[in-house]
Every structure is written in C-alpha cells, then in structure tokens.
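Report on the following structure.
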Amino acid sequence: MNRFAQPLAALVCGTLFGFGLALSGMLDPARVQGFLDLFGAWDPSLIFVLGGAVMVAMAGMLLVKRMRQPVFGEVFHIPTNRRIDLPLVLGSAVFGIGWGLGGFCPGPALSALSMGYLTPLVFVIAMVAGMVFHDRVLAGRI
C-alpha cells in the first residue's frame, strides 16, 4: 500500500465529514442547543441530520460486515465490549453535559475551528484537557 494513501483517504473523508457538518448546521452551537432543549424552545430541524447519520452508519456497518479487511488497513477496529458499566455511563453523561453546555461534540468542534471563532477553540482546548486528564489520571481507576 502506498504510504500516502491512508492519510490522503483520511483527509478526504474528514473534509467531506466537516463539509457535511457545516451544511447540516451542526457547527452552530445555538442550533444544536435548540435541538437538545426538549423542554424549552425545541428546534427539531436537526432530527433529519440524526436520521441521515443513522442511515449512513447502518449502511457502513453492513458494508463492513461484507468486507474481509479495510481498504487502507489490516483490520477493522470495531468495539467488542457490550457491557453497560460505570465508565460507559459516566463518560456518556460527561459527553452529553459537555454537548449541551457547549453546543459542540468533538467532530463539529474540530470542524468549526476552520471558521476562526473563539468558542470552538475554547471547547477544543477543554476537550483535549479532559482527554489528557482522563488518560493520565482516571484511566484504570474508574
């Protein structure tokens, strides 16, 4: 395999993903928070984005099940743990709280950096700090 093929494929896929996030409105924290505010002024417009993402993910998983190996890799890295345990619940809660407070999840936050605003930069710095804190302090203790 060409050593540039995998990074190039990642760049193309990431750019396409970021473009899709921008086109769908996922880079606007106010719109995302409006979607998450079920008991306030709920904005249901992102439900079509959610439905579209689920359909694309389902099609991708069906394709993966039919392939013997990835096009640019040795093996698929698919999670095998099916337990719902404390780390999963805590991580999901922290993710949801961060998403609701900031209006970003990791993909849109990284994509929004390209727009040059301060808010996504602050979010990404906090996200990376949380990831480093988990990796260096909490991993294996929860």
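Each residue takes its place number in the sequence, starting with 1. Bear in mind that the values here come from a model prediction, so they are computed numbers and not experimental data.
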Suppose the criterion is salt bridge (charged side-chain N to carboxylate O under 4.0 Å, His left out): which pairs have a residue in residues 81-104, not counting sequence neighbours?
Arg83-Asp85

Heavy-atom count around Phe76 CZ within 6.0 Å, excluding the residue itself: above 12?
yes

For the atom pair CD1 (Ile78) and CE (Met61), what is the distance rounded to the nearest 0.5 Å?
4.5 Å

Heavy-atom neighbours of Leu62 CG exceed 12 at 6.0 Å:
yes

Atom CE of Met58 with >12 non-hydrogen neighbours under 6.0 angstrom:
no

Minimum heavy-atom separation for Gln6 and Phe72, please, with both atom names.
NE2-O, 3.2 Å

For the residue pair Arg31 and Ser45, what are the closest heavy atoms and their distance?
NH2-OG, 3.1 Å

So which atom in Pro70 and which in Met67 form the shortest heavy-atom distance, rounded to 0.1 Å?
CA-CE, 4.4 Å

Trp42 side chain to Leu36 backbone, donor-acceptor under 3.5 Å:
no

If Ile, Leu, Val, Met, Phe, Trp and Tyr residues are connected whenever their side-chain heavy atoms lie under 4.5 Å apart, and connections chain through other members, are Val94 and Phe133 in the same group?
no

Quick check for you: to the nearest 0.5 Å, what is the distance between Phe123 atom CZ and Leu118 atom CG?
13.5 Å

Should Phe95 and Leu38 be counted in the same cluster of Ile, Leu, Val, Met, Phe, Trp and Tyr side chains packed under 4.5 Å apart?
yes

State plainly whether one hydrophobic cluster holds both Ile97 and Phe39, where clusters connect Ile, Leu, Val, Met, Phe, Trp and Tyr through side-chain heavy atoms under 4.5 angstrom apart.
no

Taking every heavy atom of Leu21 against every heavy atom of Ser111, the minimum-distance pair comes out as CD1-OG, 3.6 Å

How long is the gap from CG on Leu27 to OG1 on Thr119, to the nearest 0.5 Å?
12.5 Å

Here the gap from Ile125 atom CD1 to Leu113 atom CG, rounded to the nearest 0.5 Å, amounts to 9.0 Å

In this structure, would Val49 and Val56 fall into the same cluster of hydrophobic residues linked by side-chain contacts under 4.5 Å?
no

For Val32 against Met26, the heavy-atom pair lying closest together:
CG2-O, 3.7 Å

Could you tell me which non-hydrogen atom of Pro29 sits nearest to which non-hydrogen atom of Phe104, and how far apart they are?
CG-CZ, 3.4 Å

Please check if Val54 and Ile47 belong to a single hydrophobic cluster, counting links between Ile, Leu, Val, Met, Phe, Trp and Tyr side chain heavy atoms closer than 4.5 Å.
no

